Amino acid sequence: MKQQRYDVVIVGGGAAGLSGALALGRARRSVLVIDAGEPRNAPASHVHNYLGRESTPPGELLAIGRGEAAGYGAEIVEGRVASAERLPESGDGEQGFRVVTEDGRSVEARRLLVTTGLVDELPPVPGLAERWGREVLHCPYCHGHEVADRPIGVLATGPLAVHQALMWRQWSDDVTLFLHTGPEPTEEEYEQLAARDVAVVDGEVTGLEVADDRFTGVTLASGRVVPREALVVQARFTARSAVLESLGLKPVAQEMGGTVVGSYIPTDPTGATEVPGVWAAGNVTRLTEQVIGAAAAGLMAGGAVNGDLITEDTRLAVAARRA
């Protein structure tokens, strides 16, 4: 860290954080990005639906973003932020925060932008984590095209499984719904599945079959192996909200179709939280945002932060003029 106080400290250096840093750097603000180096999409081979960067490897996209942000003066350092706290207002009423990393470093900022993302919590089936982002998937818009026309399985762990199976049927005519620990489909759902030629298999899935470092099927509790080349799961999306919680913010449950699918930190459309001077962007506040959406949210938040600083700069200048 080259200085002790910045206009803005950004916690998290993914698409949202770097986009915010780029906007703020171009606005001639002093910016520090502190990144723990744990991008959510690291297991994936490519980023999709990012206009102009389609099929770019995630690490390459981050490297490009770091270079662009640094080109406008943003400082980017590795580290894990442990907590943040509001500083007492100065005599002229200027806001400020102290950010502390796990290794004991501290830095001050006039404003904070938190872009720490989320953690995908997978169902407890042996082998899922090792294949996550490769053949174990959750988002058809992220990975559907890459497994099109292949045998796809859908692992039911909640009431959204039928919806998932019908959605993935758009990419393949060979889709099997494994009921696993999910609820029994209703008569109407069974009819929908049958109408779309989605097979339904009873029994709990106990493991994955892998050959030559490729997923080849699932093993049921009965011992039966069902060949598949991709497996869709419903991960729980849990916001990495510890830094925001240290400032008094609380995550709330995110529901989809009446089912809780994760937790997030609420913000207004610009990313402003309930704590004045603190913004959030990306998956920490919008769980279903893809990479391009997270980048857009970071830009929106960066612009809002700069606008807020302009308001404070003007107030301080007027007070100084009157003194």
Side-chain angles (χ1 to χ4, degrees), residues 8-21 33-44 47 58 62 79-86 97 99-102 111-124 128-129 132-133 137-139 141-142 157-158 160 233-302 304-305:
V8 186
V9 167
I10 300 175
V11 184
L18 291 174
S19 183
V33 179
I34 305 176
D35 183 39
E38 296 177 343
R40 177 193 180 195
N41 62 355
V47 172
L62 287 181
R80 187 184 303 278
V81 173
S83 63
E85 62 176 340
R86 179 185 290 280
F97 300 88
V99 174
V100 181
T101 63
E102 287 188 349
R111 300 292 185 271
L112 295 181
L113 173 54
V114 179
T115 59
T116 42
L118 63 78
V119 174
D120 294 292
E121 298 179 354
L122 302 179
L128 281 186
W132 177 241
L137 314 168
H138 74 97
C139 171
Y141 299 103
C142 304
T157 53
L160 294 177
V233 302
Q234 176 60 64
R236 181 180 176 88
F237 307 138
T238 301
R240 290 188 176 116
S241 56
V243 174
L244 292 164
E245 290 184 60
S246 71
L247 289 160
L249 294 165
K250 300 296 182 184
V252 301
Q254 172 75 59
E255 290 191 3
M256 185 179 297
T259 300
V260 175
V261 296
S263 63
Y264 71 102
I265 297 294
T267 68
D268 77 2
T270 72
T273 71
E274 294 179 351
V275 176
V278 179
W279 275 256
N283 286 144
V284 72
T285 183
R286 293 178 177 84
L287 302 183
T288 59
E289 203 78 271
Q290 293 194 33
V291 179
I292 193 168
L299 169 61
M300 175 70 77
V305 170

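Fair warning: this is a prediction, and the values are worked out from it, not measured in the lab.
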Applied to residues 258-268, the side chain to side chain donor-acceptor pair (under 3.5 Å) test, sequence neighbours excluded, yields T267-T285, D268-T270
Shortest non-hydrogen pair, V9 vs I34, comes out as CG1-CD1, 4.1 Å
D35 meets the side-chain contact (heavy atoms from CB on, under 4.5 Å) criterion, sequence neighbours left out, with R66
task = Scan side-chain atoms only and decide if E121 and T238 contain a donor-acceptor pair under the 3.5 Å cut-off.
result = yes
So CH2 of W279 and CZ of R111: to nearest 0.5 Å the spacing works out to 6.0 Å
T116 side chain to R240 main-chain N or O, any donor-acceptor pair under 3.5 Å? yes
Any side-chain heavy-atom pair from C139 and Q290 closer than 4.5 angstrom?
yes
*Does NZ or CZ of R40 lie under 6.0 Å from the centre of the six-membered ring of F237, at an angle within 45° of the ring axis?*
yes
- Query: So do T288 and V261 actually touch side chain to side chain, heavy atoms under 4.5 Å?
  - Reply: no
Backbone N or O of A44 within a donor-acceptor pair of the N41 side chain at under 3.5 Å?
no
Check: Quick check: are there more than 12 heavy atoms from other residues, nucleotides or ligands sitting under 6.0 Å from CD of E245?
Finding: yes
Please check this pair: side chain of S246 against backbone of S83, looking for a donor-acceptor N/O pair closer than 3.5 Å. no
Heavy atoms of I10 and G17 approach each other most closely as CD1-O, 3.6 Å
To the nearest 0.5 Å, atom CD1 of I265 lies from atom CG of L118 at 12.0 Å
Between M300 and P269 the two heavy atoms that sit nearest each other are CG-O, 3.7 Å
